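Mind having a look at this structure? Questions to follow.
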There are 2 protein chains.
Amino acid sequence: MSIQPLLEYIRKHIDLSSQEESILASKVVLRKYLKGQYIVQQGDVCQYECFVLSGCTKTFYVDEEGQEHIVMFSIEDWWTSDMGSFITQTPADFNIQCLENTELVLFPYNEIESLYKEIPKLERFFRQIIERAFVTSQKRLVRSFSLSAKEQYLHFREQYPQIEQRIPQYMVASYLGITKEFLSKIKNQLIYKH
Amino acid sequence: MSIQPLLEYIRKHIDLSSQEESILASKVVLRKYLKGQYIVQQGDVCQYECFVLSGCTKTFYVDEEGQEHIVMFSIEDWWTSDMGSFITQTPADFNIQCLENTELVLFPYNEIESLYKEIPKLERFFRQIIERAFVTSQKRLVRSFSLSAKEQYLHFREQYPQIEQRIPQYMVASYLGITKEFLSKIKNQLIYKH
């Protein structure tokens with residue numbers, strides 16, 4: 001396990017000196033999670049912003065009826081966190097669970113301020129990452145109230161091209177807010193059209 | 001019209017020297033819009049991040065059936081922009097229209113990079129603002145699939161305490177994704193309960 005993929009990812013946004021890369025490496029934590037383990041659970045305080053080196057996670061919310069709602073998946077080179085909980089250090093709204101054995105780079109809350117101080121360029125980097133996350137979230141909101149289930153499914157396949165083979169169908173359905181029977185009907189219609 | 005409210009707002013996050021405040025003042029644009037005017041229209045490229053000095057705006061999306069979906073409102077001390085369009089300089093998904101005469105501080109796209117260069121602390125400021133916007137957007141997504149219409153309405157009143165008196169009821173209904181008849185039923189139920 002190495003933070004190289006993270007450094008390559010960061011280089012697309014900002015230039016870090018080798019000294020800055022060493023500082024970064026000294027502040028983050030590399031960690032393996034097993035399939036099924038939780039990175040954060042609803043009600044706990046989220047301690048990390050996480051960069052995915054390998055594996056796959058789902059971020060979901062369980063409502064009062066026990067119904068699970070999947071907000072996002074994260075795979076290699078994506079980020080995951082309960083941002084609201086992380087920045088305010090209050091209980092998380094979301095669970096983040098590993099759907100495969102997953103390797104992460106964790107940015108601990110109690111290190112992130114000193115990281116910003118020692119490498120101010122990281123403010124820029126995280127600003128840009130969060131701008132994109134915000135845009136993705138807004139677009140998902142728009143899709144949820146303006147696209148049909150079939151259109152949303154097609155968009156899902158486009159947004160997460162590799163992911164459908166890696167996760168159970170009922171999770172795709174939960175992400176789309178439909179039953180797995182309805183998802184299966186949509187997929188059959190699409191096969192029939194080809 | 002003065003940028004004082006913006007400077008006070010910024011001071012809650014970062015300290016600017018008076019020289020930095022002058023640089024900021026030289027890069028932003030103060031502008032009045034009339035009720036009904038658009039700050040950005042779906043399909044245009046969004047040129048500004050906007051801070052609301054006074055007035056009220058709605059951000060909405062019109063789908064292919066001509067149906068309007070309201071994503072957010074902005075009032076005094078809030079921000080508004082089509083962030084996806086702004087950061088990528090590609091056509092906007094959203095319309096932002098003034099619901100009252102509205103005074104804004106505009107951060108033009110072609111000035112923002114030089115602002116970040118001259119006042120690097122602004123990276124921090126905008127990172128924090130966007131983190132909060134992202135969290136708000138995620139929470140709205142969760143509410144949209146886990147709360148009843150009545151619960152969403154109660155949350156709306158809590159989130160925007162002053163706004164309900166300022167905008168037509170059908171817009172509140174559009175924001176909640178329900179008909180205005182259904183909203184009116186919910187409100188009657190709530191009155192009846194008191």
Side-chain angles (χ1 to χ4, degrees), chain A residues 14 42 46 49 59-72 79 81-88 90 92-94 112-113 116-117 120-148 151 174-178, chain B residues 14 42 46 49 59-72 79 81-88 90 92-94 112-113 116-117 120-148 151 174-178:
Chain A
I14 51 168
Q42 207 167 322
C46 181
E49 290 205 63
T59 302
F60 64 105
Y61 169 80
V62 179
D63 67 23
E64 291 188 358
E65 273 82 49
Q67 184 77 29
E68 179 179 314
H69 305 279
I70 298 179
V71 179
M72 63 178 285
W79 293 80
S81 167
D82 183 312
M83 174 72 73
S85 170
F86 183 78
I87 62 175
T88 59
T90 55
D93 291 323
F94 300 114
I112 203 134
E113 276 304 317
Y116 287 136
K117 253 180 213 136
K121 273 179 272 185
L122 284 178
E123 300 267 12
R124 181 180 185 79
F125 170 70
F126 279 107
R127 175 181 61 75
Q128 291 177 343
I129 298 302
I130 293 155
E131 278 175 356
R132 292 202 327 206
F134 173 68
V135 171
T136 303
S137 174
Q138 291 279 77
K139 284 187 194 277
R140 169 133 201 235
L141 192 62
V142 168
R143 285 197 305 276
S144 78
F145 48 52
S146 67
L147 294 189
S148 69
E151 288 165 328
S174 164
Y175 176 84
L176 298 172
I178 59 178
Chain B
I14 51 167
Q42 207 166 323
C46 180
E49 290 204 64
T59 301
F60 64 105
Y61 169 79
V62 179
D63 67 22
E64 291 188 359
E65 274 82 49
Q67 184 77 29
E68 180 177 314
H69 305 278
I70 298 179
V71 179
M72 63 178 285
W79 293 81
S81 167
D82 184 313
M83 174 72 72
S85 170
F86 183 78
I87 63 175
T88 58
T90 54
D93 291 322
F94 300 114
I112 203 134
E113 277 304 317
Y116 287 134
K117 252 179 215 141
K121 274 179 273 187
L122 284 179
E123 300 266 12
R124 180 178 186 80
F125 170 70
F126 278 107
R127 175 180 61 76
Q128 291 176 342
I129 298 301
I130 293 155
E131 279 175 355
R132 293 202 325 206
F134 173 67
V135 171
T136 303
S137 175
Q138 292 280 75
K139 283 185 194 278
R140 171 138 198 231
L141 191 60
V142 168
R143 286 197 305 278
S144 78
F145 50 50
S146 67
L147 294 189
S148 69
E151 288 165 328
S174 164
Y175 175 84
L176 298 172
I178 58 178

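If you're wondering where the values come from, they're calculated on a predicted model, not measured in any experiment. So you know, we letter chains A, B, ... as the sequences are listed, proteins then strands, and number each from 1.
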Query raised in the report: Going from CD on Q138(B) to OG1 on T136(A), what distance comes out if it is rounded to the nearest 0.5 angstrom?
Result: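 Reported value, rounded in 0.5 Å steps: 9.5 Å.
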- Task: Find the one option among G84(B), P120(B), S146(B), S144(B) whose heavy-atom pairs under 4.5 Å with chain A are most numerous.
- Result: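 Highest number of heavy-atom pairs under 4.5 Å: S146(B).
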Return the option, out of F94(A), F134(A), F126(A), with the maximum number of heavy-atom pairs under 4.5 Å with chain B.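 Option with the greatest count: F134(A).
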ask   = For chain B, which residues from residues 59-66 of chain A lie under 4.5 Å away (heavy-atom distances)?
value =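 Result: Y61(A), D63(A).
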*So do V142(A) and H69(B) actually touch side chain to side chain, heavy atoms under 4.5 Å?*
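Answer no - side chains too far apart.
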**Item:** Contact class of I87(B) relative to chain A, heavy atoms under 4.5 angstrom
**Value:**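 Only the side chain of I87(B) comes within 4.5 Å of chain A.
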Would you mind telling me which of R124(A), M83(A), Q128(A) has the largest number of heavy-atom pairs within less than 4.5 Å of chain B?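 Heavy-atom pair counts peak at R124(A).
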Contact class of F86(B) relative to chain A, heavy atoms under 4.5 angstrom
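Neither part.
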In Å and rounded to the nearest 0.5 Å, what is the OG1 to CZ distance from T88(A) to R132(B)?
->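 Taking OG1 in T88(A) and CZ in R132(B), the distance rounds to 11.0 Å.
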inquiry  = Please rank D93(A), L141(A), L147(A) by heavy-atom pairs under 4.5 Å with chain B and give me the top one.
reply    =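 Option with the greatest count: L141(A).
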Within this structure, what is the CG-CD distance for the pair L122(B) and E123(A), rounded to the nearest 0.5 Å?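 So the CG of L122(B) and the CD of E123(A) are separated by 11.0 Å.
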* Contact part of K139(B) toward chain A, heavy-atom cut-off under 4.5 Å: side chain, backbone, both or neither? ->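 The side chain, not the backbone.
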